[in-house]
Novice: 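I'd like to ask you about the structure that follows.
Chain naming here is simple, since letters A, B, ... match the order of the sequence lines and numbering starts at 1 in each. Computed from a predicted model, the values in this text were never measured in an experiment. Below, each value reflects all heavy atoms present in this structure, side chains not excepted, and no hydrogens, waters or symmetry copies.
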Amino acid sequence: MDFTPAFDLELQLEGFNGPLDLLLHLVRKQKMAISDIAIAPITEQYAAYLKRMEELNLDIAGDYFVMASTLMLMKAKSLIPREKESFEEMREELIFQLEEYEKIVAKAAKLRERHREMARSFPRSFKEKIKREEREFKVGDNGVFLLVEHYAKVVERLKALRPILIKPKPYTMKDVLALLFQVFREKRKARFSSLVHQRERGFVVYAFVSVLELVREGSLRVTQTDTFSEIVLQRRGIFNEEKQAQLIARFE
Amino acid sequence: MDKDFKATIEALIFAADAPLSVEKIARILEVDSELVQNAVDELSADYKPRGMNLFELAGGYQFLTARRFYPMVLKMKDTDRSLSLSQAAFETLAIVAYRQPLTSQEISAMRGVQSVSNILRKLQELELIRIAGRKDVIGRPMLYRTTPKFLELFGLNSLGDLPSLEEIGVNES
Amino acid sequence: MDKDFKATIEALIFAADAPLSVEKIARILEVDSELVQNAVDELSADYKPRGMNLFELAGGYQFLTARRFYPMVLKMKDTDRSLSLSQAAFETLAIVAYRQPLTSQEISAMRGVQSVSNILRKLQELELIRIAGRKDVIGRPMLYRTTPKFLELFGLNSLGDLPSLEEIGVNES
């Protein structure tokens with residue numbers, strides 16, 4: 001059989017369960033003992049596999065790239081004499097990780113085999129009803145998990161139901177001033193309450209600030225006969241486009 | 001009669017979800033119905049003195065616990081205490097656990113239902129939740145909390161031990 | 001041995017939803033455990049040639065169909081009890097089984113991946129693992145353990161029955 005890397009890879013694609021699995025595969029292909037792992041060639045082969053996976057448009061998990069960068073860092077350290085100790089440490093760590101992983105794979109295979117064997121026997125599947133109703137509540141082994149799962153479901157459902165709020169565009173000082181200018185281009189007198197009739201609080205505040213500004217620079221005169229009584233606004237100056245632009249510039 | 005033949009039939013009846021007919025057994029084993037019927041009759045007699053009996057029900061055969069041992073089985077099931085909560089009750093309990101203290105209206109709103117009062121009563125009877133004061137809003141509705149028994153049953157030391165949504169990979173917002 | 005005593009135990013094991021321990025039977029019948037153990041051993045031998053066998057699982061006894069009748073029972077049921085788990089899930093389960101209790105970070109590190117939360121969730125849904133408290137370190141991460149159902153589905157009586165590495169053929173260094 002032809003074992004060019006690409007062909008080999010395509011055979012293996014479904015099989016890799018993570019970076020350690022791929023690494024272990026490469027070590028075995030070299031017929032090396034894990035403890036003899038040569039970092040430089042393994043790094044290159046590993047990178048070649050990742051590249052090939054990308055070429056095949058496989059969705060490669062970030063985990064593979066993390067390992068690739070670790071390997072590259074190790075390779076770099078191996079070339080720098082004063083990093084020798086650090087390199088050896090990393091290499092030992094990787095060897096330990098691979099050896100442990102190899103054991104896990106063996107254990108997983110054994111468990112799977114046992115399960116397959118066990119699955120050949122069937123339990124009694126009919127559930128007989130011999131029970132009294134008033135029984136106490138008991139929580140199964142997975143109680144806490146069920147609790148958080150149920151809560152997660154509620155939260156997810158609420159998220160899905162949450163209306164998308166379209167926030168009303170907030171008023172700008174510019175909008176409010178434009179409105180005041182429009183009113184006083186036509187009228188000499190206006191009641192403050194009519195200007196802000198059915199407007200929300202933000203608008204009222206902006207309008208009041210605008211009025212104060214216009215009073216300050218002599219364009220309006222304000223009269224109020226009593227506390228909380230009607231504020232009457234009277235035009236004194238000019239309300240044209242130029243003036244409006246000038247005032248807006250001041251607020252910006 | 002071939003012992004293994006009888007044993008195969010025994011296995012089939014035992015594992016079936018519902019009473020198993022002689023014809024169906026005959027089809028599976030690719031033998032004559034009469035042969036199966038004889039084996040079933042023998043099995044039925046074999047099981048007479050035992051803990052389970054072979055019953056003829058709804059046109060088929062099924063193993064059921066022998067009636068005379070019901071009292072003992074009941075005793076066992078009582079010690080099981082394995083009453084499970086309905087989905088709705090579990091969900092309600094989860095909401096109280098994570099959002100306590102809160103009112104029944106708040107729970108209803110989260111579950112998107114009109115009322116949870118029956119479930120709340122049930123959970124109170126099971127001593128999983130309790131009333132823990134009233135909320136300071138109009139109508140002063142009652143507030144619910146989980147009980148120490150809830151913690152004990154779920155093997156938690158404190159409410160802080162409840163797994164967070166992030167821990168199971170769900171985003172809260 | 002009293003025939004009815006054996007038949008009662010037979011009925012209890014048959015009627016139970018999960019493997020039933022000798023201790024529990026002894027408690028229900030209010031007799032000595034030893035007596036129950038003897039009866040169970042006899043039952044176990046009695047059932048050897050039959051359609052179902054008595055299996056010792058998760059610290060108890062349970063009737064299951066004898067393995068040799070698998071092809072016939074499968075023909076009737078269409079599907080067996082095999083869990084459809086990925087290799088990654090089997091590896092994760094093996095790590096939990098052999099190293100329990102441990103945190104998800106510890107599992108991730110052993111598998112050389114960033115996260116195993118989806119797999120842990122799946123294993124919990126299948127009731128193969130469970131949350132068993134929190135580790136007393138910063139962040140108090142959750143600890144995972146296998147469940148009795150894991151033992152049951154993997155044909156183990158206790159965690160001590162997990163295959164050893166020598167058995168698997170790997171040298172534990």
Novice: Quick check for you: among Arg114(A), Lys127(A), Gln97(A), which has the greatest number of heavy-atom pairs under 4.5 Å with chain C?
Specialist: Arg114(A)

Novice: Is Ala89(C) close to chain A through its backbone or its side chain, or both, or neither, when contacts mean heavy atoms under 4.5 Å?
Specialist: neither

Novice: At a 4.5 Å cut-off on heavy atoms, which part of Ser108(C) comes close to chain A: side chain, backbone, both, or neither?
Specialist: neither

Novice: How would you list all residue pairs meeting side chain to side chain donor-acceptor pair (under 3.5 Å) that involve residues 119-130 of chain C, not counting sequence neighbours?
Specialist: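 Counting only pairs at least two positions apart or across chains, the side chain to side chain donor-acceptor pair (under 3.5 Å) contacts touching residues 119-130 of chain C are Glu149(A)-Arg121(C).
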
Novice: Within this structure, what is the CZ-CE distance for the pair Arg67(C) and Met118(A), rounded to the nearest 0.5 Å?
Specialist: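 The distance works out to 5.5 Å.
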
Novice: Between Ile95(C), Leu162(C), Asn53(C), who has the most heavy-atom pairs with chain A when the cutoff is under 4.5 Å?
Specialist: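 Sorted descending by pairs with chain A, the first entry is Ile95(C).
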
Novice: Taking Ser82(C)'s backbone N and O only, do any of them form a donor-acceptor pair with Arg116(A)'s side chain (distance below 3.5 Å, no angle check)?
Specialist: no

Novice: Counting only heavy atoms closer than 4.5 Å, note whether Ala66(C) contacts chain A via side chain, backbone, both or neither.
Specialist: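 Backbone of Ala66(C) only, per the 4.5 Å heavy-atom cut-off to chain A.
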
Novice: Does any donor atom in the side chain of Gln87(C) or Arg112(A) lie under 3.5 Å from an acceptor atom in the other side chain?
Specialist: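 Per modelled atom types, Gln87(C) and Arg112(A) side chains form a pair under 3.5 Å.
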
Novice: Measure from the side-chain N and O atoms of Thr65(C) to the backbone N and O of Phe122(A), and report whether any donor-acceptor pair falls under 3.5 Å.
Specialist: yes

Novice: Which atoms of Leu83(C) come close to chain A, meaning under 4.5 Å heavy atom to heavy atom: side chain ones, backbone ones, both, or neither?
Specialist: both

Novice: Given heavy-atom pairs under 4.5 angstrom as the criterion, report whether the side chain, backbone, both or neither of Leu85(C) touches chain A.
Specialist: backbone

Novice: I need the contact set between residues 63-71 of chain A and chain C: heavy-atom distance under 4.5 Å, sorted by residue number.
Specialist: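 Result: Asp63(A), Val66(A).
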
Novice: Quick one: CZ on Phe154(C) to NZ on Lys110(A), what's the gap to the nearest 0.5 Å?
Specialist: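 These two atoms lie 13.5 Å from each other.
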
Novice: Step through the shown structure and confirm whether more than 12 heavy atoms of other residues, nucleotides or ligands are within 6.0 Å of CZ on Phe126(A).
Specialist: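 For Phe126(A), atom CZ is crowded (more than 12 foreign heavy atoms under 6.0 Å).
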
Novice: With a 4.5 angstrom heavy-atom cut-off, is it the side chain or the backbone of Thr92(C) that approaches chain A, or both, or neither?
Specialist: neither

Novice: When rounded to the nearest 0.5 angstrom, what is the spacing between NE2 in His115(A) and CG in Leu93(C)?
Specialist: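 One finds 10.0 Å between NE2 of His115(A) and CG of Leu93(C).
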
Novice: Using non-hydrogen atoms and a 4.5 Å limit, figure out which bit of Pro148(C) sits close to chain A: side chain, backbone, both or neither.
Specialist: both

Novice: Strictly by ring-ring contact (aromatic ring centres under 6.0 Å, His included), give each pair with a member in residues 6-63 of chain C just once, sequence neighbours left out.
Specialist: Tyr47(C)-Phe63(C)

Novice: Out of Glu152(C), Arg68(C), Met110(C), which one racks up the most heavy-atom pairs below 4.5 Å with chain A?
Specialist: Met110(C)

Novice: Between CG of Leu111(A) and OG1 of Thr146(C), what distance do you get to the nearest 0.5 Å?
Specialist: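 Answer rounded to 0.5 Å: 10.0 Å.
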
Novice: Quick one: closest heavy-atom pair of Arg81(C) and Ser121(A), and the distance?
Specialist: NE-O, 3.4 Å

Novice: Calculate, to the nearest 0.5 Å, the distance between atoms OG and NZ belonging to Ser125(A) and Lys77(C) respectively.
Specialist: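 Atom-to-atom, Ser125(A):OG and Lys77(C):NZ are 3.0 Å apart.
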
Novice: Would you indicate whether Asp80(C), at its atom CG, is surrounded by more than 12 heavy atoms from other residues, nucleotides or ligands within a distance under 6.0 Å?
Specialist: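 It does: Asp80(C) CG has more than 12 such atoms within range.
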
Novice: With a 4.5 Å cut-off on heavy-atom pairs, point out which of Gly18(A), Ala108(A), Gly143(A) contacts chain C the most.
Specialist: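 When all of Gly18(A), Ala108(A), Gly143(A) are compared, Ala108(A) has the most.
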
Novice: Taking atom CD of Glu93(A) as the centre, does the number of heavy atoms from other residues, nucleotides or ligands within less than 6.0 Å exceed 12?
Specialist: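 No, CD of Glu93(A) has 12 or fewer neighbouring heavy atoms, counting only those of other groups under 6.0 Å.
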
Novice: Does any N or O in the side chain of Arg111(C) come within less than 3.5 Å of the main-chain N or O of Asn17(A), such that one atom is a donor and the other an acceptor?
Specialist: yes

Novice: Check the surroundings of atom NZ in Lys75(C): do more than 12 heavy atoms from other residues, nucleotides or ligands lie under 6.0 Å from it?
Specialist: yes

Novice: Tell me whether the count of non-hydrogen atoms from other residues, nucleotides or ligands lying under 6.0 Å of CD in Glu89(A) goes above 12.
Specialist: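 Not buried by this count: 12 neighbours or fewer within 6.0 Å.
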
Novice: Strictly less than 4.5 Å between heavy atoms, which residues of residues 138-145 of chain C line up against chain A? Please order them by number.
Specialist: none

